[in-house]
Structures are given as C-alpha cells and as structure tokens.
Amino acid sequence: LNHVALTVAGGVNGVGAGPRERLVNEGVLRVAAGSRVFLGEVVNRKGLLVVNGTVHGDVTAEGGHLLGSGVVTGRVRVSGSNSQAEASCKNSGWTCVKPGNSPGRLPVEGDMSFEAGSLLELEVERSRKGEGLAWDELVVQSLSFAKQTLIRVVLGQGVSSPKDVTLPLVHCLGGAGACDYSFASFEVLGGSAGQLVANADGGLDFVFGGAFGSAVAAVPEPGTWALMVLGLVAGAAQARRRRCIDRAEVWRSNAAEAT
C-alpha cells in the first residue's frame, strides 16, 4: 500500500502466484518509461497513477487520476465517484483517465470499462515542434461506458483547424461493435467548435467544425448491419420482381394488340 510519492524506475515483480498480488496506491505512483511492473493488479484508490512504462496485469482506478504514455497489458476498470466533475481533469472529483502526458498515447491490451462517475479526458494542443496539432489517443481492444460517464475533449489555447479536419482520439482494435459509447455524455471545452463522431471501425474521432460539442454519432452494431444488409437484399429482390412484372405486362399488351 503506497501513501506517498513512489517512482518505479526498474521493475516490480509479484511474489508467489503472481496473479494474486496487488499494489494499492493512495499517493503518487509513477511507473517510469522503460520500467515494468509484474503484478496481478494495480489499484489506484486516490491520488495519481502515472503509467509511462509497462504494467503487466490489470489496473483498477477506484479514484484519483490515471494517465501516461505506457502500456497496460491487462484489463482496465474505471470505477467512479459520486462527486461532480470540474472543468479540468486535474481538479475533477470524478475518477479520471487521461491518456498521454499532454499529449500522448495510452495503449490498453485488454478490455476497458468506465463505470458511473468516471471521466475520459482527451486534450488537443498546438504542436511544440512547430505548426500543426498534437492530441491524446487511447488505444483499446474493447471499450464500454455506463450511464453517468463523461467523455471530454479539451482544446488548448489557440487550437483551431479548417472545417472537417478529423483527429483520431480513440482507436478500437476490436472493430465496430467492440466499443460502445451509447451511454456516455460528451462535451468539448475551449478552442474551436467541433463534434465527436464514432467511425466505422468503432473508434472515436474529433471533427472540427459543425455544432459545438454535439453528441457522438452512433455506429450500427453487427446485428444492425446484418438487418440493414438483409433489408437491402430484400429491397433489391422486390425491385427485380417489379421489373419482371412490368416487362410481362408490356409483353401481354403488345401480344393483345398484335391479335
């Protein structure tokens, strides 16, 4: 149980069976770049968990903030709190996940879920290397949001882009249907107007222009796609039958006139 500031700069190996080992953080726990933590589970009850290295195991965020540009090889479960979200992830009362280090990318190789009272915040900033933009990215196999969850995009000062420019914020490696945003709320803070849109691969994009902070567009589930395809097939078959009937009517009419 960690109550203070702890930086893992080398590695931590679970003792015994491994999957039963848990590291609980209530302070500041930093997994430095290049370091590895081999444990069954890392639990962040409050405070700050920064994953810039690799966590081989599951991560449970019961409070505080989870951020970094490392890798989690297991599942990530984000359980929420009952307090109201503030304007920034840094002072939010909700359990907050923020990929990257302003900005950056956080890959999760297992499933990821957000429970009520939790928040996913993604920042878009002006690139430090010159012109252009840099933004946070979350890479997941599957992703789900319960009711009373929030996806927030924060546009930094001076961030603007031509209309219809698209930034990929969430990459859903499991494909369409593996990531479900239907119960989450959405908001965009600062900068230019834009909207969150679920793409055909199940990921989540930010598109500049259009309505400010509009809700995400739903991506049809596989079953819905199947029904749509069946509907198209049925419609095409009906159209072919109609054309055959019309041709038969014309043929009978011509035959009647000839006699």
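- In this structure, T54 and T73 have side chains that are in contact, with non-hydrogen atoms separated by less than 4.5 Å.
- Counting only heavy atoms from C-beta outward, the side chains of R126 and V159 approach each other to under 4.5 Å.
- Taking 4.5 Å as the limit, every side-chain heavy atom of V43 sits out of range of all side-chain heavy atoms of L23.
- Atom OG in S185 sits 9.0 Å away from atom CD in Q148 (nearest 0.5 Å).
- If you take CZ on R77 and OG on S144, they are separated by 11.5 Å, rounding to the nearest 0.5 Å.
- Hydrophobic clustering (ILVMFWY, side-chain heavy atoms < 4.5 Å, transitive): V139 and L167 are in distinct clusters.
- Cluster annotation: V165 is connected to L122 through the hydrophobic network of ILVMFWY side chains, with a link wherever side-chain heavy atoms come within less than 4.5 Å.
- Exactly one of V42, V28, L67 qualifies for a side chain to side chain contact (heavy atoms under 4.5 Å, CB included) with L49. That residue is V42.
- The two residues A116 and A146 have their closest heavy-atom pair at N-CB, 4.0 Å.
- Of all non-hydrogen atoms in P99 and L120, the two that sit nearest each other are CD-CD1, 4.0 Å.
- Put simply, the side chain of M112 reaches to within 4.5 Å of the side chain of L138, judged on heavy atoms.
- Considering only heavy atoms from C-beta on, V154 comes within 4.5 Å of E121 through its side chain.
- What you find for Q141 and C172 is that their closest heavy atoms are O-SG, 4.0 Å.
- At least one side-chain heavy atom of Y181 sits less than 4.5 Å from a side-chain heavy atom of F186.
- Heavy atoms of other residues, nucleotides or ligands lying less than 6.0 angstrom from CD of E115 number more than 12.
- Remark: the N101 side chain and the S69 side chain contain an N/O donor-acceptor pair separated by less than 3.5 Å.
- Counting only heavy atoms from C-beta outward, the side chains of L106 and E137 never approach each other to under 4.5 Å.
- D136 and R105 are not joined by a salt bridge, as no carboxylate oxygen comes within less than 4.0 angstrom of a charged side-chain nitrogen.
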- Message: Test side-chain contact (heavy atoms from CB on, under 4.5 Å) on R152 and L189; report intermediate values, then the result.
- Response: CA-CA 8 Å; R152 172 189 292 152; L189 301 180; 3.6 Å; yes
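- With ring centers used as reference points, F114 lies under 6.0 Å from F145.
- Two residues are said to be in side-chain contact when any heavy atoms from C-beta on lie closer than 4.5 Å; V140 and H171 fail this criterion.
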- Message: Could you go through K98 and L66, starting from their C-alpha distance and side-chain angles, then the distance that decides it, and tell me whether this counts as side-chain contact (heavy atoms from CB on, under 4.5 Å)?
- Response: CA-CA 6 Å; K98 183 187 174 304; L66 166 64; over 6 Å; no
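- In the model, E62 has no side-chain atom that pairs as donor or acceptor with a side-chain atom of T95 under 3.5 Å.
- For the atom pair CZ (F38) and CD (E21), the distance works out to 14.0 Å, reported to the nearest 0.5 Å.
- Expressed to the nearest 0.5 Å, how far CG of L169 lies from CD of E123 amounts to 11.5 Å.
- Remark: L133 CG to F208 CZ distance equals 5.0 Å, nearest 0.5 Å.
- Panel note: side chain T60, backbone V78; no donor-acceptor pair is recorded below 3.5 Å.
- With hydrogens and angles ignored, the 3.5 Å screen pairs no side-chain donor or acceptor of D201 with any backbone N or O of G203.
- Following chains of ILVMFWY side-chain contacts shorter than 4.5 Å, one cannot reach V71 starting from V108, and the two form parts of different hydrophobic clusters.
- There is a side-chain donor-acceptor pair under 3.5 Å between D111 and S142.
- With W135 contributing its side chain and P168 its backbone, the two residues share a donor-acceptor pair below 3.5 Å.
- Atom CG of L119 sits about 4.5 Å away from atom SG of C96, to the nearest 0.5 Å.
- Residue C179 is tested with N199, L143, L173, L204 for a side chain to side chain contact (heavy atoms under 4.5 Å, CB included); the sole match is L143.
- Closest approach of N44 to L48, counting heavy atoms only: OD1-C, 3.9 Å.
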